Undergrad: 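Sharing a structure below in structure tokens format, with a few things to ask.
Naming: A, B, ... by sequence-line order, numbering from 1 per chain. Keep in mind that the numbers below use all heavy atoms, side chains included, and drop hydrogens, waters and symmetry copies. Keep in mind it's a predicted model, so treat the numbers as computed, not measured.
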Protein chains: 2
Amino acid sequence: MAHQIAAQKRESSSPTVILESFLPYRLNVLASLTSNALAQIYAERFGLSIPAWRVIATLGQYEYRTARDIASHGVMHKSTVSRAVASLEQRGLIVRKPNQDDRREEWLELTEEGREIYEALAPEALAFEDRFVSVLTEEEQKVLAALIDRLSGHARLLGPEGEVEG
Amino acid sequence: MAHQIAAQKRESSSPTVILESFLPYRLNVLASLTSNALAQIYAERFGLSIPAWRVIATLGQYEYRTARDIASHGVMHKSTVSRAVASLEQRGLIVRKPNQDDRREEWLELTEEGREIYEALAPEALAFEDRFVSVLTEEEQKVLAALIDRLSGHARLLGPEGEVEG
DNA sequence: ACAAATTCGTTGCGCATGCAACTAAATAGG
DNA sequence: CCTATTTAGTTGCATGCGCAACGAATTTGT
């Protein structure tokens, strides 16, 4: 490392955002780190994008769900989900089943092949999570989960009005 | 709400990723929520993108830093930072100062105008953070910060080899 | 001292993303 | 009923992004 500059604080009177302790920044950095690492698994092995993986993961857990459910649950834009769904359908990994009670929406469901991919991916995702949280004790993991829960619930209320519901 | 489907668990033998407790997913959802909400502030008021805000925030805190420092610190791609820097320079919010000791890199610094924007933005960012963490007690905030610290440090090691250094 | 490898930063390119406008369907209000 | 509003999902468009290749400067190894 050629250079290594000391943390040069300012002498100003106006308030300073200390990035190292600024929560939105830190959360995004941590989320990026985990996303990037996890994305390697499902991108390199199955050519899945992040939205595509989320669709598959949701349907793997819930059997069927609508695009709207997936979008709001994962805080994704509906067009993002729409395109992921189209691509997964074309690859034969999911199918759409029109909802007769409300023909605007469609139930999404994994095909056999889609479920095979999910069942191959799920253990790897869980293993990754294990590695990832292995620096924390069981107790700390529970505490962290609870704190994230509280913050997420609160943040869904602060955000742009429309995009809520879980 | 027209429909509301019960959490329909599967009877399968293979492992299932429970998204509601899957940490990478939850972290990204929470990060998206905070990012989106915070982005409204600096996008609508000053036309800043997320990378641009990060450059300004870094230089607001550190006086000067290179593009590379900013990228690795915030886990951003170097091309993302390069373009944010170019745009901020064109808007007259930052200047580049060639480093005579290593003429590959350049020191970046806020202009007067850039600092004015920073000083307008910083209090709002801090106020947002306050609102955001107000569901947690002081003690819980400290615990959360410490847990994120540990995880981030650990995650930088798990990730793609190149992209580390803080 | 010199060739090979590494590093900082830029840029062309293809792709993904968000926005806004749109269609089709459902709901609300009078 | 019939119109106005809301909602699920799609798509054109412009912008932003990551990748990979590149130029210039520096470091390494011999």
Undergrad: Can you tell me how far C1' of dA16(C) sits from NE2 of His77(A), to the nearest Å?
TA: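 It works out to 13 Å between those atoms.
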Undergrad: Can you tell me which nucleotide in dA25(C), dG9(D), dT26(D) comes closest to the side chain of Asp102(B)?
TA: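 Looking only at side-chain atoms, Asp102(B) lies closest to dT26(D).
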Undergrad: Identify, between Thr80(A) and Gln100(A), the residue whose nearest nucleotide on DNA chain C lies closer to the 5' end.
TA: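 Its nucleotide being nearer the 5' end, the pick is Thr80(A).
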Undergrad: Under a plain distance cut-off of 3.5 Å, with no hydrogens placed, do Tyr62(B) and His73(B) share a side-chain donor-acceptor pair?
TA: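 The criterion, which ignores hydrogens and geometry beyond distance, is not satisfied for Tyr62(B) and His73(B).
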Undergrad: Grab the CG-C1' distance between Asn36(B) and dG18(C) for me, whole Å please.
TA: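 Those two atoms, CG and C1', are 10 Å apart.
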Undergrad: How long is the line joining CD of Gln90(B) and C1' of dT10(C), in whole Å?
TA: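 It is 14 Å, rounded to the nearest whole Å.
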Undergrad: Give the nucleotide from the list dA25(C), dC8(C), dT7(D) with an atom nearest to the side chain of Arg68(A).
TA: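 Looking only at heavy atoms from C-beta outward on Arg68(A), the closest nucleotide is dT7(D).
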Undergrad: Here's a test of your reading of the structure: between Ile50(B) and Ser82(A), which maps to the more 5' nucleotide of DNA chain D?
TA: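 The residue mapped nearer the 5' terminus is Ser82(A).
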Undergrad: Please tell me which of the listed nucleotides, dG9(C), dA8(D), dC17(D), lies nearest to the side chain of Pro51(B)?
TA: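 Between dG9(C), dA8(D), dC17(D), the one nearest the side chain of Pro51(B) would be dC17(D).
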Undergrad: Taking only N and O in the side chain of Arg96(A), is any of them less than 4.0 Å away from OP1 or OP2 of dT10(D)?
TA: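 So the side chain of Arg96(A) is within the cut-off, an N or O lying under 4.0 Å from OP1 or OP2 of dT10(D).
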Undergrad: Rounded to the nearest Å, what distance is computed from the CD atom of residue Gln40(A) to the P atom of nucleotide dC19(D)?
TA: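 Result: 10 Å.
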Undergrad: If I take atom CZ in residue Arg104(B) and atom C1' in nucleotide dA25(D), what distance separates them, rounded to the nearest angstrom?
TA: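 Rounding to the nearest Å, CZ of Arg104(B) and C1' of dA25(D) are 6 Å apart.
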Undergrad: What is the distance from NZ of Lys78(A) to C1' of dT11(D), rounded to the nearest Å?
TA: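 These atoms are roughly 11 Å apart.
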Undergrad: Rounded to whole angstroms, how far apart are CH2 on Trp107(A) and P on dG9(D)?
TA: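 So the two atoms are 9 Å apart, to the nearest Å.
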Undergrad: Establish, for the pair Arg131(B) and Phe128(B), whether the NZ or CZ atom is under 6.0 angstrom from the six-membered ring centre and no further than 45 degrees off its axis.
TA: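 Verdict for Phe128(B): no cation-pi partner in Arg131(B).
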Undergrad: Check the side chains of Asp69(A) and Thr66(A) for a donor-acceptor pair under 3.5 angstrom, ignoring hydrogens and angles.
TA: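 Yes, because at least one side-chain N or O of Thr66(A) sits under 3.5 Å from a partner of the opposite role on Asp69(A).
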Undergrad: dT10(C), dT26(D), dG18(C): which one has an atom nearest the side-chain heavy atoms of Arg103(B)?
TA: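 Nearest to the side chain of Arg103(B) among the choices is dT26(D).
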Undergrad: Would you mind reading off the distance between Asn99(A) atom CG and dG9(D) atom C1', rounded to a whole angstrom?
TA: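 Atom-to-atom, Asn99(A) to dG9(D), this comes out as 13 Å.
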Undergrad: Supply the atom-to-atom distance Ile148(A) CD1 to Leu23(B) CG, rounded to the nearest 0.5 angstrom.
TA: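 CG of Leu23(B) is found 5.0 Å from CD1 of Ile148(A).
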Undergrad: So does Arg83(B) reach the base of dG18(D) with its side chain, donor to acceptor, closer than 3.5 Å?
TA: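 Indeed there is one.
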Undergrad: With under 30° as parallel and over 60° as perpendicular, where do the rings of Trp53(A) and Tyr118(A) fit, or are they tilted in between?
TA: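 Ring orientation of Trp53(A) relative to Tyr118(A): parallel.
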